[in-house]
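Shown next, in C-alpha cells, is the structure this report addresses.
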Amino acid sequence: MALKKARKAAAPFKGSIQGASGSGKTVTALKIMKGLVDRTSPGKRIAVIDADKGCQMYSNIDFDVDDEFGEGKAARYAPKTLIEKMENILNQKDENGNRIYGGVIIDSLTHFHKDLS
C-alpha cells in the first residue's frame with residue numbers, strides 16, 4: 001500500500017437533499033448554494049433548473065431560474081434536455097469572459113429519469 005500526502009484541490013460540490021413534499025428541500029438547497037457561492041465564487045449568481053416549477057416562491061434569495069420544459073403532456077424532461085440546460089448555464093459569460101454562475105441547483109431530478117427520450 002502506497003500512501004501519499006493529501007492535497008487540497010478545487011472540486012465542484014455535488015449533493016442531494018431528500019425529504020417529503022413541503023419539508024424544505026428547495027429553500028435548504030438555495031441557502032446552502034448561497035453560502036457556497038458567497039464563499040467560493042463571490043459575485044457569481046445562482047441558477048435553478050426548476051422542473052417542479054415552484055422555486056420562485058423563494059425570491060427573497062437572489063437567483064435566476066429556468067423552468068421552461070413545455071406544458072402538460074407536451075412537457076419534455078429528457079436527460080438530454082437537462083444536460084443542454086446545464087451546459088447553457090455553465091457557458092454563460094459576462095462582458096469580460098468570466099462565468100456568470102457559481103452554482104446550479106436542479107429541482108428536481110425525478111422528472112428526468114421518467115422521460116428517457
Side-chain angles (χ1 to χ4, degrees):
M1 172 168 50
L3 295 173
K4 59 183 178 181
K5 181 168 177 57
R7 301 196 187 277
K8 186 176 183 177
F13 170 76
K14 298 172 188 163
S16 172
I17 299 173
Q18 301 175 35
S21 179
S23 63
K25 299 176 299 290
T26 301
V27 73
T28 300
L30 284 163
K31 288 179 179 182
I32 290 170
M33 185 63 74
K34 179 171 178 8
L36 288 170
V37 170
D38 286 351
R39 181 168 172 120
T40 62
S41 305
K44 304 265 189 231
R45 298 198 49 75
I46 297 169
V48 177
I49 299 173
D50 187 15
D52 283 342
K53 297 190 178 201
C55 73
Q56 294 198 49
M57 71 175 71
Y58 305 109
S59 60
N60 58 322
I61 299 171
D62 190 26
F63 64 94
D64 299 330
V65 63
D66 179 349
D67 62 1
E68 296 297 322
F69 295 95
E71 297 296 326
K73 293 185 181 201
R76 303 300 302 166
Y77 295 100
K80 179 174 70 171
T81 303
L82 176 61
I83 292 167
E84 289 168 358
K85 288 179 177 292
M86 288 178 62
E87 287 175 346
N88 179 49
I89 290 166
L90 294 174
N91 290 326
Q92 288 191 33
K93 310 263 195 237
D94 65 17
E95 60 278 353
N96 297 317
N98 300 311
R99 278 189 174 171
I100 294 172
Y101 294 98
V104 181
I105 296 170
I106 302 165
D107 190 9
S108 93
L109 281 173
T110 304
H111 297 66
F112 297 99
H113 70 74
K114 289 181 181 177
D115 182 352
L116 298 177
S117 56

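This one's a predicted model, so the numbers in the text were calculated from it and none came from an experiment.
- A distance-only check finds a donor-acceptor pair linking the side chain of Lys44 to the backbone of Arg99 [under 3.5 Å].
- Ile105 and Tyr58 fall within the same hydrophobic cluster, where Ile, Leu, Val, Met, Phe, Trp and Tyr residues are linked whenever their side-chain heavy atoms come under 4.5 Å apart, directly or through other members.
- In the hydrophobic clustering of this structure, Phe63 groups with Met57; members are Ile, Leu, Val, Met, Phe, Trp, Tyr whose side-chain heavy atoms approach within less than 4.5 Å, directly or through other members.
- Taken from CD1 in Ile100 to OG in Ser41, the straight-line distance is 13.0 Å, to the nearest 0.5 Å.
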Between Leu82 and Phe69, does a side chain to side chain contact (heavy atoms under 4.5 Å, CB included) hold up when you go through it step by step?
CA-CA 10 Å; Leu82 176 61; Phe69 295 95; over 6 Å; no

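- The backbone N or O of Ile17 sits nowhere less than 3.5 Å from a side-chain atom of Lys25 that would complete a donor-acceptor pair.
- Ile32 and Ile89 fall into different hydrophobic clusters, defined by Ile, Leu, Val, Met, Phe, Trp and Tyr side-chain heavy atoms under 4.5 Å apart, directly or through other members.
- No chain of hydrophobic side-chain contacts below 4.5 Å, direct or via other Ile, Leu, Val, Met, Phe, Trp or Tyr residues, connects Leu30 to Met86.
- In this view, Glu87 and Ile83, Asn91 satisfy the side chain to side chain contact (heavy atoms under 4.5 Å, CB included) rule, not counting sequence neighbours.
- Annotation: side-chain hydrogen bond (donor to acceptor under 3.5 Å, both in side chains) contacts of Lys31 (sequence neighbours excluded): none.
- Residues Thr26 and Asp52 fail the side-chain proximity criterion, which asks for heavy atoms closer than 4.5 Å.
- In this structure a side-chain-to-backbone donor-acceptor pair under 3.5 Å is present from Asp66 to Glu68.
- A pairwise comparison of heavy atoms in Asp107 and Cys55 identifies OD2-CB, 4.4 Å as the closest pair.
- Taking CZ of Arg45 as the reference point, atom CG of Asp64 lies at 4.0 Å (rounded to 0.5 Å).
- Across every non-hydrogen atom of Lys93 and Gly97, the tightest pair is CD-O, 3.1 Å.
- The line from CG of Asn98 to CG of Asn96 is 5.5 Å long, rounded to the nearest 0.5 Å.
- Judged as a side-chain hydrogen bond (donor to acceptor under 3.5 Å, both in side chains), and not counting sequence neighbours, the contacts of Lys53 are Glu71.
- Under the 4.5 Å side-chain heavy-atom criterion for Ile, Leu, Val, Met, Phe, Trp and Tyr, Tyr101 and Ile49 are members of the same hydrophobic cluster.
- In this structure, the side chain of Asp50 does not engage the main chain of Val65 through any donor-acceptor pair within 3.5 Å.
- Distance check: Ile61 CD1 to Lys34 NZ gives 8.0 Å after rounding to the nearest 0.5 Å.
- Taking the side chain as every heavy atom from C-beta outward, Val104 and Lys85 never approach each other to under 4.5 Å.
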